[in-house]
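Naming: A, B, ... by sequence-line order, numbering from 1 per chain. Below, all heavy atoms of this structure are taken into account, side chains as well, without hydrogens, waters or symmetry copies.
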Amino acid sequence: MVARVKSVSVTEHGSYGNRRVPKQSVLAGQSLFWLRPVFVDIFSSNTSLATTCALLLQQPQFAQALVLSLCSGAAATLLALAASACILSTGLGLRAQREHAAFLPAMLALPHVAFALGCVLLLAPSGWLVRFMFALLRPWADTAPWPLDAPPPWQSTQDPYALGLLLVLVCKEIPFLLWGALAHMQRPDVALAWQAQLRVAATLGHSAPSAWWRVVWPQLLPRMAGPLLAVWAYSLSVVDVAWIIGPTAPPTLAVLAWQWLQDADPSTRALGLAAVFCLLLCTVLVAGLAVMGYRLDRRWLAPARWTRGPQRLTDTFHSRSGKSKPYQSRGQAASECLARSGACGAAIGRGWMRALPAVYLLVGAVLLWSSVAGVWVFPALWPQSWTLQAWQQVLGSVGVLGTTLWLGLASAGMALVLALLCLECLPVRWHSALFGVSYLPLAVPTLLWALGLQRVCIALGWDASAWGLWLAHSASVWPYVLLSLQGPYAALDRRGAHLAASLGRSHWAYLWQVQWPLLRAALAAAFAVGFAVSVAQFLVTLFVGGGRFATVTTEALALSSGGQRPLLAAFALLQWLLPAGLFGLALWLGRKRRFAPPLTARSLA
Amino acid sequence: MQRFMSSCTDTPLALHLQVQSLRSPAAVLVQDLAIALPAGAVHTIMGASGSGKSSLLAAICGTLAPAMQFQGMLHVMGRRVDSLPTRARRIALLYQDDLLFAHMTVRENLLFAVAAGPQAAREAQVAQALEEVELQGFAHADPATLSGGQRARAALARALLSQAQALMLDEPFAKLDVALRQRMRALVFGAVARRGMAAIVVTHDPADIADAQRVTYLLAP
């Protein structure tokens, strides 16, 4: 008997749609929850917004500070994006270069403040790099344009053009963008599909870098919109790093707003709020313009750019033989230009891949020997005496260490539980929207976020309390933890849960015995990321804690304007060592299981 | 409890499926389909991509996506199971991919399917299952180190260990080479017959048809 079943198409009656919960409205509600603290502070000010904005525009430092913020923020975002793209074009994440990706956790673990302080110790006129340069120039001391026994008369940190700030932001944001990109690229389904597409492109005559730029990059760039927005918002509105290494006369708008907000005069504080609102407006406007530009580019320019033919080997042969190139068309010339640009980009990427870990190692090394330096007179390359006094002082401040540790561990734990609840309880089809929403706190200027959290804690009666600080840190850490779990969760084969159920096991049994052990490395890494983010919080700790809670970050910031270089370096290094230790622990916990070799006939005999 | 009898042999049906409709949000995929299987029988479902073969298996196993809708009845060994959760249906699943859990050894993968009880008895069941699929000596092996055929056999052993009363196979041999396919077919169909289970195979390959009298072709909507 052969049964034949004819299927009949019918129009949908809408019954399925009626049964669904409207996810847009739920997620919009969630977004409003995140944005609510942002707007509460702006609109609750006694001075009208229009008056304050008019006053803001009249401030002599405002225009220059805004231009500085916009230029340094945009340049940092674009340079970090370009460098990340070049690094990725070498095949990172897709081909066998995973050892380079292993540097990422160590680079991510280094907080911005610690990196900025390390850069100051390295680049300042009396910094180690200048001492090293002067030591090299010693044989030509007579011909040098300035005496080599005193610091040079230039402003290499806190320079008026924000070049030091730009350097710190670019070096710190590249690992973050790479992390965002690798979260997508290391998903098994995406990695397999893109590797296959690259192989196809190679068989069609494209070189590896050219194929990457034409095939992978156009698919990857839209998926990096979230991390890019976060980098742009952070670079525009960063306070702590700009305060340490940024320009001072005038400072960036975020630092100016922070200074105004700390004033006792309510009208000056209102100016600070207006400046913060201005930063939010700039973030949204420029991000909107960038999205529009990208869409226009995709609609009109990209098709011609990406679909031109490959650069054939015969053309290269003609070129090497010294003959003129037999170009058939302008398209062919452009194609070769693109192929060469791709190769050039990959070379730059390889350079960045070697330089970036070296810069981080150098910063770490400078922090280390600055923390144990005793007497260190310029231009000596190494300290004349060594002392552990700073470390004794650091380890003696049990309260600071304890606060940093409990806050980091409790916030990361809370954020991990919340992220797991979201991922397990929300339907899978909501996850992409959830990850979009989770970028909102990252896209809001940090000052505004900290102010909003402070207002929420005041409303709950938790301001300047440990509970409030824990809540605020957990809210700040949650997006990073969620985004850390995005790739691993997306890579999970959902059929595993069906299979476990078909074997008669409960969902909890599946979670405990299969899913979470499989995700052990990702969960440990997400916890470490959360801890690192909590340790790095400055504004949130300051505003919500009401100055009553000191962490290694607040201590390092407080010391940055003083002259206690060893103590400052020790606190900055500790800021790195604590998260790095947890990342190390996460790597150990997430290590691959070692299995016994299978028994063969020979071994059985 | 209503019991269904096979029209040919008057033996109780191991699996009786009556589909009024299986709908996706866009179309009715399957309508008015009945499959009655005595113990040890294998039914094959074939059809074009998108015709609802895998969705039908998902409906039988209780793993249908929320957007899909199944109307009908399913009895396994005389027990109505269509309203039960997947884990209570006692229907095992075998996919094209073996889906062995990567962090567990082969033995641990198999133990995952064995019901709670004395450890020695559970271990004995695992050892017997490994022997049945000729994987002795691989109990403590990393699944990643096994060949495609060995992995498929380990997945089959795991499915059989769950004491399921029916077995659903979603293109289970598609990734194996021709020689391995024949060996796996013999292994699967032999196990189904020995254990008196009912099995439904979804496939594109006519060579997977175990019984020419028990084939359903689904047409694309």
Side-chain angles (χ1 to χ4, degrees), chain A residues 1-17 19-21 188 427-430 492-510 512-521 590-605, chain B residues 19 23 25-35 51-52 58 61-63 66-69 85-93 95 97 99 101-105 112-113 115 136-142 144-146 158-159 161-164 168 212-221:
Chain A
M1 178 192 69
V2 178
R4 276 193 172 268
V5 180
K6 185 171 183 187
S7 304
V8 183
S9 295
V10 293
T11 53
E12 190 190 352
H13 300 293
S15 56
Y16 313 108
R19 284 192 301 151
R20 277 187 197 166
V21 184
V428 177
R429 63 178 186 279
W430 284 30
L492 270 180
D493 193 335
R494 297 278 153 189
R495 292 175 304 171
H498 296 161
L499 185 83
S502 79
L503 295 173
R505 305 306 301 267
S506 67
H507 189 62
W508 273 110
Y510 170 71
W512 281 108
Q513 292 182 33
V514 179
Q515 183 166 307
W516 289 340
L518 274 175
L519 291 174
R520 190 179 50 184
R591 71 196 183 282
K592 202 172 182 306
R593 181 179 174 180
R594 285 187 180 178
F595 293 91
L599 296 173
T600 58
R602 183 179 291 177
S603 62
L604 283 170
Chain B
V19 183
R23 297 160 185 253
V28 174
L29 298 172
V30 182
Q31 204 167 31
D32 300 332
L33 167 69
I35 295 173
S51 59
C61 294
T63 58
M68 309 280 283
Q69 200 178 33
T86 304
R87 59 183 289 237
R89 295 189 182 200
R90 299 187 67 183
I91 299 174
L93 248 175
Y95 290 105
D97 304 305
L99 294 185
F101 304 130
H103 63 297
M104 296 179 177
T105 60
F112 185 76
Q136 314 94 305
F138 290 90
H140 299 285
D142 174 3
T145 60
L146 303 187
R158 184 175 62 180
L161 269 174
S162 66
Q163 302 297 327
M168 300 297 122
Q213 298 302 308
R214 298 188 187 280
V215 181
T216 300
Y217 293 97
L218 296 184
L219 304 179

Could you tell me which of B/Arg158, B/Met168, B/Arg89, B/Gln163 has the largest number of non-hydrogen atom pairs under 4.5 Å with chain A? B/Arg158
Please identify, among B/Ile35, B/Val19, B/Asp97, the residue contributing the most non-hydrogen atom pairs under 4.5 Å to chain A. B/Asp97
Measuring heavy-atom distances to chain A, does [X] have an atom under 4.5 Å in its side chain, in its backbone, in both, or in neither?
X	value
B/Ala164	neither
B/Arg90	neither
B/Ile91	backbone

Which one wins on heavy-atom pair count under 4.5 Å against chain B: A/Ser506, A/Pro517, A/Pro427? A/Ser506
Point-to-point distance, once rounded to the nearest 0.5 Å, from CG of B/Leu93 to NE2 of A/His498: 9.0 Å
Angle between ring planes, B/His103 versus B/Phe101, binned at 30° and 60°: parallel, tilted or perpendicular? tilted
Among residues at least two apart in sequence or on other chains, which ones pass side chain to side chain contact (heavy atoms under 4.5 Å, CB included) with B/Ala102? A/Leu518
With sequence neighbours excluded, residues passing side chain to side chain contact (heavy atoms under 4.5 Å, CB included) with B/Ala115: none
Non-hydrogen atoms of chain B under 4.5 Å away: do they reach the side chain of A/Arg593, the backbone, both or neither? side chain
Examine whether an atom of A/Ala500 lies under 4.5 Å from a heavy atom of chain B, and if so say whether it belongs to the side chain, the backbone or both; otherwise answer neither. both
Looking only at atom types and distance, does a side-chain atom of B/Thr86 sit under 3.5 Å from a main-chain N or O of B/Gly62, one as donor and one as acceptor? yes
Spell out, as yes or no, whether a donor-acceptor pair under 3.5 Å connects the side chain of A/Arg505 to the backbone of B/Phe112. yes
